[in-house]
Amino acid sequence: MNEPASLKALESLPVPQIDRIDLVTVRLPFVAPFGTSVYTWTDKEALLLRLESGGVTAWSECVSDPDPFYFYETNGTVRHILKRFLLPLVEPAKTLGGLMTEFGHVRGHGMAKATIENGLLILIALQRGVPLHELLGFPAKRIMSGLSIGLKETPDALLAAVEHAVARGYHRVKMKVKKGQDIEWVKAVRERFPKLRLMVDANGDYTLADAGRLKRLDEFDLMMVEQPLSYSDIYEHSVLQKTMATAICLDESIHSRADAAAAIALGACRIINIKQGRVGGLMESIRIAGYCADRGVDVWSGGMDETGIGRAVNIHLQTAAGFSLPGDTSETSNYFDQDIAGPPVVLGAGGFIDIPAGPGLGVTVVPERILDRAVRWERLR
Ligand code: OSB
Ligand code: MG
């Protein structure tokens, strides 16, 4: 299999000596609740990893939630896996690739692994004085924007949110759906915005028994329907895809390059949502994006309502080969009045997002804001 060339270089990077390690949990209120078919979040509880090496400090953000309503990992399981199994392996004289091989002995827990991998890559980029995307091996480019709109109480509230996204210039809009809050709601949006690049995300709310209902989505010219069936399924999506004209995009079901290969081989989807945390880090994300690009499968970068740290990681990742569609990369103001890192993400000319300038992520973490928002702080080394 042809791996993207830059991965070899990343795998051979030496792990820096880490002088100090902290795990910090922060809680930030959302400007508005965010609802999926499974759960509604009113704030963001994020687990942060702080690495210090030779006077340089890198922060990385885990994408897990405090609850298992999107994914099996939670901030609690991540803390356990990081402390007990993964962080003790982080020692100099290893390469990043060697460390990832050792991480492979821990089954699953990709969000925990990604938190360390991201932190080390950000740290190395800072130490070398280069932007993260350059360390990853990809030139800067303007990043496409996309907004994910949660379930709303009324169709009017949904239309107002879509109107806002269109006015801001987003490249595409995703709306959450669930059984019974779908066809009529999509129809209302489509009638009001006939040309909008629109998609839906069900977060696994349907079963194959709903294939007839899902097929009705075909009349609305959607870019895709994301994760219509169970979070743990690939096969039944391949059955569903044969009955629908609309492309299926898998999110929850894909944890690795191997899952992507299975889904593509079965015809379970035509598009893949890559969340760097869900697939175990930036290197696996680059691997999946390259694999999909070779097979004509579009990928895009999913979001997890991240703070400014994780949001910047997703922006840098999208410079990689294969990220062909707008992702869930949107302005900070949709989530937080005051973020823990800045400057906030805003849309520039043409609805594009500029990569934050400067070494590492290019965003500055504000220590006072972290102190302000911290609900737990553990020093581990
Ligand atoms: O399914 O993509 C999802 C948020 C939390 C959990 C799951 C999902 C989402 C989003 C929002 O859709 C993405 C974002 O705006 O960051
Ligand atoms: Mg999704």
Side-chain angles (χ1 to χ4, degrees), residues 28 30-46 61-75 110-111 143-152 158 161-162 164-165 168 170-178 198-206 222-233 237 247-255 259 263 269 271-279 285 299-315 317-318 325-336 339 344-345 347 353:
L28 286 74
F30 281 143
V31 294
F34 184 81
T36 70
S37 60
V38 184
Y39 190 71
T40 298
W41 288 270
T42 54
D43 53 24
K44 175 75 193 173
E45 188 191 290
E61 173 178 354
C62 184
V63 301
S64 58
D65 288 313
D67 51 75
F69 301 136
Y70 164 74
F71 200 65
Y72 70 86
E73 292 184 82
T74 68
N75 293 341
M111 291 178 175
I143 305 304
M144 292 179 282
S145 62
L147 184 63
S148 175
I149 297 175
L151 291 173
K152 296 290 180 194
L158 171 62
V162 178
H164 168 79
R168 292 295 300 158
Y170 279 96
H171 292 135
R172 70 99 166 107
V173 170
K174 156 167 143 183
M175 55 181 277
K176 295 287 187 183
V177 291
K178 65 176 182 185
L198 180 66
M199 60 171 288
V200 299
D201 185 359
N203 291 101
D205 203 43
Y206 299 84
L222 300 176
M223 295 172 77
M224 70 197 86
V225 50
E226 183 177 344
Q227 199 71 36
L229 309 179
S230 169
Y231 67 91
S232 64
D233 170 76
H237 280 96
I248 291 176
C249 168
L250 289 180
D251 171 356
E252 283 91 328
S253 300
I254 305 297
H255 302 184
D259 285 346
C269 64
I271 300 171
I272 288 176
N273 165 338
I274 296 179
K275 291 183 182 170
Q276 51 78 21
R278 196 193 67 235
V279 302
S285 300
V299 310
W300 51 276
S301 162
M304 287 293 287
D305 309 322
E306 289 95 340
T307 78
I309 300 169
R311 201 166 292 278
V313 168
N314 294 343
I315 289 171
L317 171 62
Q318 286 173 79
L325 291 172
D328 282 339
T329 312
S330 67
E331 294 168 297
T332 305
S333 58
N334 294 303
Y335 307 87
F336 311 111
D339 204 341
V345 174
L347 301 196
I353 294 167

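Atoms within each ligand, like the ligands themselves, are counted from 1 in listed order.
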Of all N/O/S atoms in Asp251, the name of the one nearest the Mg ion (ligand 2): OD2
Nearest neighbour in protein (non-hydrogen) for atom 13 (C) of ligand 1: Gly303 O, 3.3 Å
Asp65 and ligand 1 - part of the residue with a heavy-atom distance under 4.0 Å: neither
Over all atoms of both residues, closest heavy-atom pair of Ile353 and Thr329: CD1-O, 3.5 Å
Region of Asn334 engaging ligand 1 - heavy atom pairs below 4.0 Å: neither
Minimum-distance pair of heavy atoms, taken over all atoms of Ala161 and Lys152: CB-CE, 4.0 Å
The Mg ion (ligand 2) - name of the N/O/S atom of Glu226 that sits closest to it: OE2
Contact summary for Ser285 and Val279, nearest pair of heavy atoms: OG-CG2, 3.4 Å
Nearest neighbour in protein (non-hydrogen) for atom 7 (C) of ligand 1: Tyr70 CD1, 3.4 Å
Stacked cation flag Arg278 on Tyr70, 6.0 angstrom / 45 deg: no
Tyr72 and His255 aromatic ring geometry - parallel, tilted or perpendicular at 30°/60° bounds: tilted
Protein contact of atom 15 (O) of ligand 1 - nearest heavy atom, named by residue and atom, plus distance: Tyr335 OH, 2.4 Å
Asp251 N/O under 3.5 Å from ligand 1 N/O: yes
Nearest option to atom 1 (O) of ligand 1, as decided by whichever heavy atom of Asn203, Thr329, Asp305 sits closest: Asn203
For Glu226, atoms of ligand 1 separated by under 4.0 Å from a heavy atom: 2 (O)
Numbering as shown, the atoms of ligand 1 that approach Phe34 to under 4.0 Å (heavy-atom distance): 4 (C), 9 (C), 10 (C), 11 (C), 12 (O)
Shortest-distance N/O/S atom, Asp201 versus the Mg ion (ligand 2): OD2
Pick from Gln227, Lys176, Glu306: the one approaching atom 9 (C) of ligand 1 most closely through a non-hydrogen atom: Lys176
Within 6.0 Å of OH in Tyr231, more than 12 heavy atoms from elsewhere: no
Minimum heavy-atom distance Leu325-Met144, with the two atoms named: C-CE, 3.4 Å
Ligand 1 N/O within reach of Asn273 N/O, cut-off under 3.5 Å: no
Heavy-atom nearest neighbour of atom 2 (O) of ligand 1 within options Arg278, Met304, Lys275: Lys275
Sub-4.5 Å side-chain heavy-atom contact between Thr74 and Ser64: no
Distance, nearest 0.5 Å, that separates NE2 of His237 from SG of Cys269: 9.0 Å
Contact summary for Asp305 and Phe336, nearest pair of heavy atoms: O-CZ, 3.7 Å
Nitrogen or oxygen atoms of Ser330 and ligand 1 under 3.5 Å apart: no
Contacting atoms of ligand 1, where contact means under 4.0 angstrom from a heavy atom of Lys174: 2 (O), 3 (C), 12 (O)
Ligand 1 contacted by Thr36 (non-hydrogen, < 4.0 Å): no
Any side-chain heavy-atom pair of Glu306 and Tyr335 under 4.5 Å: no
